[in-house]
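For reference, the structure is listed below as structure tokens.
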Amino acid sequence: MAARNAPTTVDVLTDEAHRYYRENGFVRIPQVLSTSETERFRAASEELMAQHGPEIWGAGEDEVQVHFVAQAWLKHEALRDLALHPVVTQIARRLAGAPLRVYSTDVLLKPGQKDLNTLPTLVHDDETGLPLDGIDRTLTAWVALVDVPVERGCLSYVPGSHLRDAAHRQTHMTSFAEHRPIEDIWPDYGWQPRITVPLKAGDVAFHHCRTVHMAGPNRTDSPRMGHGIVYMDAEATYRPGTEDAHISHMAPGDRLDNEKFPLV
Ligand code: SIN
Ligand code: NI
């Protein structure tokens with residue numbers, strides 16, 4: 001990776017990229033982070049993974065899609081800086097066209113195949129798993145902390161899928177047992193084109209919470225280290241659902257407007 005240390009600004013988000021996001025529900029923005037920032041955030045992610053041990057996205061130890069550490073930004077100062085990164089947050093806000101808050105961030109690791117044979121990441125959209133209401137503009141920033149070519153398990157997206165009607169979405173679930181395969185919810189899914197988006201270290205891909213996406217397995221020997229940051233609508237409210245232990249003390253309908261969900 002060639003070193004690139006000049007500070008970036010929100011101008012990396014061109015009008016063309018903004019239009020692409022509105023139409024397709026995702027966009028890749030190259031070189032948002034400098035080389036030194038990328039290295040700092042990668043080292044922090046490795047530290048956190050070693051300290052906390054991974055949680056497993058998948059059926060169990062043998063069927064891992066992704067190793068993750070949830071709420072990473074509350075567990076490591078460097079990853080707090082990443083969640084609140086001025087350029088990442090400004091791009092997110094411009095794409096959303098409205099104020100946002102940090103909802104959560106996850107370290108997202110697919111170990112290299114010499115350590116583990118990872119599976120593809122399940123086809124899904126993020127809306128289904130968010131215990132939130134009022135998320136029309138909510139989006140995820142997927143930050144590449146190493147080079148993520150196709151072979152290392154980059155994400156693919158179904159362009160325009162964020163605009164499909166509610167009848168073809170699973171808008172919410174209260175437990176993972178309710179999860180339905182995409183083909184059941186959206187019979188046309190199999191006939192949709194998909195766009196695969198390899199990323200270089202320091203690139204960020206943004207996707208809307210209704211955009212259908214997936215990722216390949218990691219078929220290289222090096223780990224795929226990424227970071228997912230969910231920026232939610234500033235007015236979003238709690239709706240009991242999955243992965244909500246950190247907010248389950250709230251009443252349904254409460255706004256998530258305290259210091260754990262800072263405005264960006
Ligand atoms: C992955 O990192 O493989 C999946 C991340 C996502 O679903 O946003
Ligand atoms: Ni997702």
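Quick caveat: nothing in here was measured; it's all calculated off a predicted structure. Starting from 1, each residue takes its place in the sequence as its number. Order of listing sets the numbers, starting from 1, for every ligand and every atom in it.
Side-chain N or O atoms of R224 include one that pairs as donor or acceptor with a backbone N or O of G153 at under 3.5 Å. In this structure, the side chain of R101 does not engage the main chain of V264 through any donor-acceptor pair within 3.5 Å.
Hydrophobic clustering of Ile, Leu, Val, Met, Phe, Trp and Tyr side chains at less than 4.5 Å, counting indirect connections, unites V12 with L82.
Set against the non-hydrogen atoms of H207, the atoms of ligand 1 under 4.0 Å away are 8 (O). Those atoms of ligand 1 with a heavy atom of V66 less than 4.0 angstrom away are 1 (C), 3 (O). Per-residue contacts place A215 under 4.0 angstrom from the following atoms of ligand 1 (heavy atoms of the residue considered): 3 (O). If you number the atoms of ligand 1 from 1 as listed, the ones under 4.0 Å from a heavy atom of L108 come out as 2 (O), 5 (C).
The closest protein non-hydrogen atom to atom 2 (O) of ligand 1 is R224 NH2, 2.7 Å. The shortest contact between atom 5 (C) of ligand 1 and any protein heavy atom is with W142 NE1, 3.6 Å. Here the protein heavy atom with the shortest distance to atom 6 (C) of ligand 1 is H213 NE2, 3.6 Å.
Within the 4.0 Å heavy-atom criterion, the part of W57 lying near ligand 1 is the side chain and not the backbone.
Among residue pairs with one or both ends in residues 115-131, those qualifying as salt bridge (Lys or Arg N to Asp or Glu O under 4.0 Å) are D125-R164, E127-R169, E127-R210; sequence neighbours excluded.
There is no side-chain donor-acceptor pair under 3.5 Å between H67 and E55. Donor-acceptor pairing under 3.5 Å is recorded for the side chains of Y238 and D244. Side-chain polar atoms of D203 and Q31 form a donor-acceptor pair below 3.5 angstrom.
Here the closest heavy-atom approach between residue A44 and residue H76 is recorded as CB-CE1, 3.5 Å. Of all non-hydrogen atoms in I135 and A236, the two that sit nearest each other are CG2-CB, 4.2 Å.
Here the Ni ion (ligand 2) has protein N, O or S atoms under 2.8 Å from it, and they come to 3.
Among the atoms of H124, some N or O lies under 3.5 angstrom from an N or O of ligand 1. For a threshold of 3.5 Å applied to N or O pairs, the pair formed by T121 and ligand 1 contains at least one separation below that value.
For D15, the CG atom sits in a loose shell: 12 or fewer heavy atoms of surrounding residues, nucleotides or ligands are nearer than 6.0 Å.
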*Take E16 and R19, measure what salt bridge (charged side-chain N to carboxylate O under 4.0 Å, His left out) needs, and give me the verdict at the end.*
CA-CA 5 Å; E16 168 62 16; R19 187 194 56 74; 2.8 Å; yes
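Using a 4.0 Å cutoff on heavy atoms, K110 counts as a contact of ligand 1.
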